[in-house]
Structures are given as structure tokens and as C-alpha cells.
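Data first, discussion second: the structure below is written as C-alpha cells.
We count residues from 1, following the sequence as given.
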Amino acid sequence: MEPDKAMSRRAAIKAVAAVAGVAFVARRTELAQAQPKPAEPPSVITTPPRDFGPNAPPNVYFVDPDVITVDPSFNALRQANAPIQRLWTGALWSEGPAWNSQGRYLVWSDIPNNRQLRWLEDDGRVSVFRMPSNNSNGNTVDFQGRQLSCEHLARRVVRYEHDGSITVIADSYGGKRLNSPNDVVPHPDGSYWFTDPPYGGQLYEGAPDAPGGPSNRAGRLKPRLGQAVGMGEYKRELPTNCYRVDPSGRVDLVVSEDQVPDPNGLCFSPDYKKLYVISTGRGPGDTGPGGKRDMYVFDVGSDHKLSNQKLLTDFMVDGVKCGPDGVRADVEGNLWVSSNAGRAVGYSGVTVWNPEGKLIGRIRLPEVCGNVCFGGPKRNRLFMAASQSLYALYVSTQGAAPG
């Protein structure tokens, strides 16, 4: 064979071998990539979003992907294999969940629909518990097992007695009608503490002020339309304050608007030596300083006076404002706070903070969350009232307050 032809043949063989080698490597890479990967559970930010419903396919592989540890200390509060569950949907704006231990049911407010709903633990049935509810917002249970409710429409705090009667706890301060009580918490000494922002002074969640009031200055709105006799006749007269109702019935101002404008959610520490108060945004006709959607903590003295006010957190998470609303403390003193992040998908739900104000965990929901409470027979289930729905999640701690 001629030398040139022999060289050409060897070159061709080498070229074919090189191509085959590249093809083999590529095929091996392709086969490796084709191997099944560990399953990735869907989360609230996936497309399409995960199904939270009671008949949803399994989504939990040891821990729910939407229960997020920010600080390792949160791992002790998470419950392995426990999924976030949507228990019910169909409200217009869910608020004020409260757990009744004796009846083993959860009650919460559907404010625009002017009703309270009840979820029964035994079979998961939801029914109308109280209608009309005077556009109730926050609810809780005191140390005697009686339900307390904040009524937007009637601008008062009431207690439902065991015999079915209703006691008005507070409806005025200094001779002036309250704005629209929002959240209320009991104290072991028999007193009740509540916030009084202006959010009930609107058509959707209560009734506007009588003509000339901050939410109806021109008098064009007719607040009595669709209301019972005597409703829709009040006018906002007070700043947005926080009050304490003594067992004697005396109402004392404990936090002024200058300290915490537009106060909303509130709770005590487990030892009742600290009070946490959330400040939210401006309400209808709000001419005061307006809240910045943050939370403050006060020391509670033996004389029931508050002191040493501090900003606990501004709720900025990853550059997103996780606007707070309702709050509950667990037995370790951690604070579980509802989150309204608007259109920042993946940040609405619940943020969890330690007593020093450090973010330790988050719970992502597909809806804005209005308020939370601990319930269940062991008080180790977090209930979340979120927009149109009610959600629940088992945790590895217990709520500190009765309901």
C-alpha cells in the first residue's frame, strides 16, 4: 500500500474512534441525567400551585415544603410528617380564630358576611355558628371558657356567657363610643385587654361613620342601610388606643395612639410579664400617625401599667414586608404572627419569632393570613384564618393562652 493512502486510512480510523468516543460520553451523560431524582414536593410557589385541600395527593416527605426553617431553633417546633391542610374555604375575609377546649371546636369570623363559623374536630364539619355577628373580628376564650368577641358594627367587646346571654365588656371610653375593637386577650387576674383601630368604619366590614365622621365626612354614605335598628348611628370620636378592662368594669387606657398607632393584634408572654402589640396600616378616614406594620413589646408592671416600650420587629423578610395582623405566643415564648405580603407570593402565611425578635421560621400559605390561634385537644395545632379559607398545621409546641 502506498504510504500516503496508509496514513489517510489511519487518520480516518482515529477520527471515527474520536467521534465514537464523544458519542459514548454523551450517551453516558444522557443516561445518567435520565436517572430518577429524589422527589421534589410541590410548594406554594410552584406552577401549578400545590393542592392544599383535604383530598390532595401526598406532598410531605418528612417535612412540609412550605414550613421553612430560618433558624435551627425552629426545627424543635416543627412536627415531622405534618402537612399544612386547608380545612374549609368559602368565606369573604376570615379572622379571629379561637379554640373552645370543652366543645372541641374552632370558631372564627367571616367579617363581611356578618357571621361566625364553627369547625367541629370530630368530623370536620363547618356550619354557621352565629349570624348576625355584628361583623365580629377578633375572638378568644377566657380562663372560664367563655367566648369573647370584638364587634366592628356595634363598636364594642362582648362576652358570651355559659347560659347563652351576652355581656357587654366595653363599648366606650371617657363617655365616647369605641372605634371598632379588633383583638382581645384575657389576663389571669380577670381583666381583658383589647385594641381599638378604625377598620370597622367601612361598608365592607361594618358601617361607615354617621355623617361628618372621619370615614364619612361628606355624609354621602348611608350607614344605616341594611342594618338593624340602632346600628350605623355612631361616629368615630376616639384615637386608636389599646385598653384594659378591670374586673370591676372600669376601662383604662394602657397604650395610646402616639405609642402604637392603629393597634391590631396583641398577646401576652406566657408569664404575663410582657405585652406584644401589633401596629397595622391606616384605616378608613384615619387622620392619626398611621401604623408602619410592625410589633412592639412592653413590660407589664404589677400595677398593670406598661413601660419600657421597644420595637420587636419590622417584619422585613428577604426585603419583603410581611405585614402582621394577629399574633399568639407558644409556651416557650415564641410569637406566631399572621403575614400579609400582598402580591409577594411565598411570603403570606405565618412568620415565627423568638422572644428577642429574631425570625426563626415561616409557614407559606397561598392566601393572605389574617389571624392565628393554637387549638386541638393538646393545643398543639396551629389554626390559620386566611382570606377565604381556614388552614391548620400540627406543631411540636403548645399555645400559651386559653384559646
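Using a 4.0 Å cut-off between charged nitrogen and carboxylate oxygen, Arg159 and Glu161 count as a salt-bridge pair. Ion pairing between a basic and an acidic side chain is recognised when a charged N comes within 4.0 Å of a carboxylate O; Arg156 and Asp171 show no such pairing.
Under 3.5 Å, the side chains of Asn179 and Thr240 contain no donor-acceptor pair of N or O atoms. Residues Asn216 and Asp209 bring no donor and acceptor atom of their side chains to less than 3.5 Å of each other. Between the side chains of Tyr199 and Asn182, not a single donor N or O lies within less than 3.5 Å of an accepting N or O. For the residue pair Asp262 and Thr280, no side-chain donor N or O sits within less than 3.5 Å of a side-chain acceptor on the partner. In summary, the side chains of Tyr173 and Asn241 do not present any donor paired with an acceptor at a separation below 3.5 Å, with no hydrogens or angles considered. Side chains of Asp246 and Ser191: no donor on one and acceptor on the other come within 3.5 Å.
Aromatic rings of Trp108 and Phe129 (six-membered ring for Trp) have centroids beyond the 6.0 Å cut-off, not under it. Aromatic rings from Trp336 and Phe374 are positioned such that their centres are separated by under 6.0 Å.
Under the 4.5 Å side-chain criterion, counting only non-hydrogen atoms from C-beta, Arg381 is not in contact with Trp99. Residues Glu151 and Asn135 form no side-chain contact, since every pair of their non-hydrogen atoms from C-beta on lies 4.5 Å or further apart. Contact annotation: the side chain of Arg155 approaches that of Arg236 to within less than 4.5 Å [non-hydrogen atoms, C-beta and beyond].
Considering Asn139, Ile166, Val184, Thr140 in turn, Asn139 is the only one that fulfils the side chain to side chain contact (heavy atoms under 4.5 Å, CB included) rule with Ser149.
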